[in-house]
Amino acid sequence: MKLLRSISASLNFRIALIIVSFELPDGHGFRAGSRAKSLVKKMKLAQLILAGNTGIDSFLLSRTIHSTERCIPMKHAALRFGALMLAVTTVSLGGPLPASAAPTEDKLSTLLSFNPGSTESEVMDTLLLQAHEEGSTIEAVLDEAYQEVVDAYGPGVNANYSVMSGSIVMDKSLTVAQRKGDVFYSDSNKYVVNHGHTGIYSGTHTITEAPGHGWQSRNTNYKNVAVASGAVMMRVETSQTKRNAAGHYAYHSLKGKNYDSNFWNSRKSNWTDMNCSKLVWAAYWKQNIDIDANRGYGVYPIDIKNSKLTVTYKTIR
């Protein structure tokens, strides 16, 4: 067994070297648009490979290989061979096996359901990069990201990756805000789970929001935003000067952004793309105010509602 582990470690090291040194042409590999980005990604994968004998969950490892392999054209045979050999050497030649792969698979699926529009490959990519930044394992990052969803949305998050809330009818209208900079939250299961939706009043009659997948963020009249019964309008506990600044920034700088389906680590992602809660959070973060309730990896719509800095003054019925 020691010999097999030694062979496994040696093969993994050689595969890591192949992947790091193997240069893909521009526009190929790992969904990257440049050689620099693809090289960075290969280096992260190599690190994961070298950690293969130190406790990485084999389910996550296999999903990482799968998502990476899908992005590599067949003509880059050396890299595909590396991914295949990694699977064989890690799982068959003494690499660690989890006590049970099912819980890990459930966590990943749950995380996917709360990042509507994201593919498994995209979520695995961001998990891997976050683990690299922290000097941690991808399994540890997944555990923390999953727990953040459970803490935010409660015990309704289950093995079927859903918050079981029945059909949510979005047939109510918001009203004029009390002040610029106010925010709203509504239940919404547009993407099957009750993921929620939020936006900011960039004026007392105007809302800036990211409506959803396939839409750009926009400024619109409050009458154009449908919400569910029980939706809440909230003020942010700060000065009106800061509220005005947040509304102004949202109106002028956060409109026209493509939709960002990555919620789970939105605090770390750039502001080129926006989702609903990231937009509201960013408007106030720009004013040095953090309205993310748990201040974890990501900002979900419910985090805006549950923030200690948001106070409900009106409930829509």
Side-chain angles (χ1 to χ4, degrees), residues 152-153 165 168-191 194-213 215-260 263 266-267 271 273-295 298-317:
Y153 287 93
S165 55
I168 296 173
V169 181
M170 311 284 284
D171 63 349
K172 305 298 181 183
S173 297
L174 294 166
T175 65
V176 175
Q178 289 184 354
R179 61 190 67 76
K180 185 176 181 176
D182 286 350
V183 300
F184 76 88
Y185 169 86
S186 172
D187 285 343
S188 172
N189 59 359
K190 180 179 180 180
Y191 300 103
N194 182 6
H195 188 271
H197 181 60
T198 187
I200 181 172
Y201 279 87
S202 48
T204 55
H205 290 68
T206 304
I207 286 173
T208 303
E209 63 163 0
H213 192 68
W215 293 73
Q216 288 189 325
S217 56
R218 64 177 184 171
N219 297 322
T220 189
N221 187 275
Y222 72 91
K223 294 178 182 178
N224 297 327
V225 180
V227 296
S229 178
V232 293
M233 296 170 61
M234 301 170 284
R235 70 175 183 271
V236 176
E237 289 285 80
T238 186
S239 68
Q240 191 55 47
T241 299
K242 296 260 187 175
R243 296 187 194 112
N244 290 342
H248 180 87
Y249 182 74
Y251 186 89
H252 292 282
S253 300
L254 299 181
K255 66 178 180 179
K257 304 282 189 180
N258 290 331
Y259 191 72
D260 183 4
F263 283 81
S266 51
R267 290 176 68 100
W271 292 9
D273 302 325
M274 285 286 157
N275 54 52
C276 66
S277 47
K278 180 179 174 182
L279 186 155
V280 175
W281 171 79
Y284 273 97
W285 180 256
K286 187 71 175 177
Q287 319 313 318
N288 297 313
I289 299 170
D290 192 348
I291 58 172
D292 174 16
N294 57 30
R295 303 184 181 184
V299 185
Y300 294 92
I302 196 70
D303 289 329
I304 303 299
K305 179 185 179 184
N306 290 342
S307 172
K308 292 179 180 179
L309 296 178
T310 56
V311 179
T312 297
Y313 64 81
K314 186 169 189 176
T315 301
I316 306 297
R317 300 296 183 189

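Please read all numbers here as calculations on a predicted model, not as lab measurements. As a basis for the values below, the full set of heavy atoms in this structure was taken, side chains included, without hydrogen atoms, waters or symmetry mates.
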Residues in salt bridge (Lys or Arg N to Asp or Glu O under 4.0 Å) with Lys305, at least two apart?
->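 None.
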Go through the structure and list residues passing salt bridge (Lys or Arg N to Asp or Glu O under 4.0 Å) with Asp292, not counting sequence neighbours.
->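 Checked Asp292 against salt bridge (Lys or Arg N to Asp or Glu O under 4.0 Å); matches are Arg267.
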Value rounded to 0.5 Å, distance of [atom1] in [X] from [atom2] in [Y]:
X      : Y      : atom1 : atom2 : result
Trp281 : Ser266 : CH2   : OG    : 7.0 Å
Asp260 : His213 : CG    : NE2   : 11.0 Å
Asn189 : Met170 : CG    : CE    : 8.5 Å
Asp171 : Ser229 : CG    : OG    : 8.0 Å
Lys314 : Phe184 : NZ    : CZ    : 14.0 Å
Leu174 : Ile316 : CG    : CD1   : 5.5 Å

With heavy-atom distances below 4.5 Å as the criterion, would you say the side chains of [X] and [Y] are in contact?
X      : Y      : value
Met233 : Tyr222 : no
Thr238 : Leu309 : no
Thr312 : Met234 : yes
Lys223 : Ser173 : no

Which atom of [X] lies closest to which atom of [Y], heavy atoms considered:
X      : Y      : result
Ala231 : Ser186 : CB-CB, 3.8 Å
Tyr249 : Lys286 : CE1-CE, 3.8 Å
Asp187 : Ala228 : O-CB, 3.8 Å
Ile304 : Ser277 : CD1-O, 4.1 Å
Leu254 : Met274 : CD2-CE, 3.8 Å
Gly196 : Tyr185 : CA-OH, 3.6 Å

So, [X] side chain and [Y] main chain: donor-acceptor pair closer than 3.5 Å or not?
X      : Y      : answer
Arg295 : Asp290 : yes
Asn258 : Gln216 : no
Arg243 : Asp182 : no
Ser217 : Gly256 : yes
Tyr300 : Tyr153 : no
Gln240 : Gly181 : no
Thr315 : Val232 : no

Out of Arg218, Lys255, Lys278, which one pairs with Glu209 under the salt bridge (charged side-chain N to carboxylate O under 4.0 Å, His left out) rule?
->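 Of the listed options, the one satisfying the test is Arg218.
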Could you tabulate the donor-acceptor pairs under 3.5 Å formed by side-chain atoms of residues 200-208, not counting sequence neighbours?
{"from": "Tyr201", "atom 1": "OH", "to": "Thr175", "atom 2": "O", "distance (Å)": "2.7"}
{"from": "Ser202", "atom 1": "OG", "to": "Thr208", "atom 2": "OG1", "distance (Å)": "2.8"}
{"from": "Thr208", "atom 1": "OG1", "to": "Asn219", "atom 2": "OD1", "distance (Å)": "2.6"}

